[in-house]
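Note that the numbering runs from 1 along the sequence shown for the chain.
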Amino acid sequence: SFAVLPGRQLLQATRQGLRVLDLDSGKTLIETVVAKLPWTVLENVKSSCVAVLGDRIYVGHVIIKSPEEEQLRYASQSILEGLQVYDRSSLRYLGTLSVADGLPNYNIQCLLADGERLWVGSSAGLGLLVGGRIQRQWGVSQGLPSDLIQCLARDTQRLYVGTDRGLVWLQPDSGAV
């Protein structure tokens, strides 16, 4: 996915890091690589999403694993499992937020920056990041039609949550579905 930056630049999440493109020339200005991962790991990364919030850039990935691969753990793959955090000005990798930090799941389907908040859609529910920390989660037990969050959109009053079983909206301030 992409995010537009000031100065007619486009930020792109890649399988291994970030790329900044000049919108006028289409040329790559900066490319970061978090870790040199083997192709056997990278071929499992099916999509990436990116959001800019304050002085941070957040990148999530959807990783597909076969049952055999689930048994084999690549130490370097854990960098991709969760929400990567980068410094906005230097594009320096700062770390990865994981399930242990409160993410609903390591497979991040979509991201939406909303003021000081970041909405995180995963294959196991919706999370709300405030101040760099997951503050709250929603899933089927909180009224969502499914835990598989596919897309997010916001207007002045509601957060729209698209799942594989339909659309629902919630009140961002109260969390009511």
With a 4.5 Å cut-off on side-chain heavy atoms, are Leu94 and Arg56 touching? yes

Is Leu21 reachable from Leu23 through a run of I, L, V, M, F, W or Y residues, each pair having side-chain heavy atoms under 4.5 Å apart? yes

Which atom of Asn105 lies closest to which atom of Ala124, heavy atoms considered: CB-CB, 3.4 Å

Do Ile108 and Leu103 pass the side chain to side chain contact (heavy atoms under 4.5 Å, CB included) test, and can you show the C-alpha distance, the side-chain angles, and the key distance before you say yes or no? CA-CA 9 Å; Ile108 308 301; Leu103 285 176; 4.2 Å; yes

For the pair Val130 and Leu128, evaluate side chain to side chain contact (heavy atoms under 4.5 Å, CB included) and give the outcome as yes or no after the intermediate values. CA-CA 6 Å; Val130 180; Leu128 175 60; 3.9 Å; yes

Do Leu83 and Leu111 touch side chain to side chain, with heavy atoms closer than 4.5 Å? yes

Can you find a pair of side-chain heavy atoms, one from Tyr58 and one from Leu53, that are under 4.5 Å apart? yes

Between Ile30 and Phe2, is there a shared hydrophobic cluster once you connect ILVMFWY residues whose side-chain heavy atoms come closer than 4.5 Å? no

Hey, is Asp87 close enough to Arg92 for a salt bridge, meaning N to O under 4.0 Å? no

Hydrophobic clustering (ILVMFWY, side-chain heavy atoms < 4.5 Å, transitive) - are Leu29 and Leu91 grouped together? yes

Using modelled atom types only, decide if a donor and an acceptor are shared between the side chain of Ser98 and the backbone of Gly82 within a distance under 3.5 Å. no

Any donor and acceptor pair, going by atom type alone, linking the side chain of Asp147 with main-chain N or O of Val140 inside 3.5 Å? yes

Do Gln109 and Ser123 come close enough that some side-chain heavy atom pair is under 4.5 Å? yes

Measuring only between side-chain heavy atoms, which start at C-beta, is Ile57 closer than 4.5 Å to Leu18? yes

Check whether Trp119 and Trp169 end up in the same hydrophobic cluster, where Ile, Leu, Val, Met, Phe, Trp and Tyr are linked by side-chain heavy atoms less than 4.5 Å apart. no

Provide the closest heavy-atom pair for Leu97 versus Val85 in the form atom of the first, atom of the second, distance. CG-CG2, 4.2 Å

Inter-residue atom distance Gln150.CD - Arg165.CZ, 0.5 Å rounding: 11.0 Å

Does any non-hydrogen side-chain atom of Val50 lie less than 4.5 Å from one of Val59? yes

How close do Gln157 and Asp155 get, counting heavy atoms only, and between which atoms? N-OD1, 2.8 Å

In this structure, which one of Val120, Val168, Leu112, Leu152 forms a side-chain contact (heavy atoms from CB on, under 4.5 Å) with Leu126? Leu152

Should we count CZ of Arg136 as having more than 12 external heavy atoms under 6.0 Å? yes

One should read off an interatomic distance between Thr163 OG1 and Ile149 CD1, to the nearest 0.5 angstrom, of 6.0 Å

Smallest separation among heavy atoms of Asp114 and Arg154, with atom names: OD2-NE, 2.9 Å

Show the numbers, then the answer: is there a side chain to side chain contact (heavy atoms under 4.5 Å, CB included) between Arg117 and Gln135? CA-CA 10 Å; Arg117 304 177 283 205; Gln135 299 293 319; over 6 Å; no

Between Trp138 and Gly175 (side chain of the first, backbone of the second, donor and acceptor by atom type, cut-off under 3.5 Å), is there such a pair? yes

For the student: nearest non-hydrogen atoms of Ser48 and Ala13, plus distance: CB-CB, 3.8 Å

Is there a donor-acceptor pair under 3.5 Å between the side chain of Glu116 and the backbone N or O of Gly131? no

Kindly determine whether Val20 and Leu10 satisfy side chain to side chain contact (heavy atoms under 4.5 Å, CB included), including the steps that lead there. CA-CA 6 Å; Val20 178; Leu10 191 69; over 6 Å; no

Determine whether Tyr93 and Leu5 fall in the same hydrophobic cluster, where Ile, Leu, Val, Met, Phe, Trp and Tyr are linked whenever their side-chain heavy atoms lie under 4.5 Å apart. yes

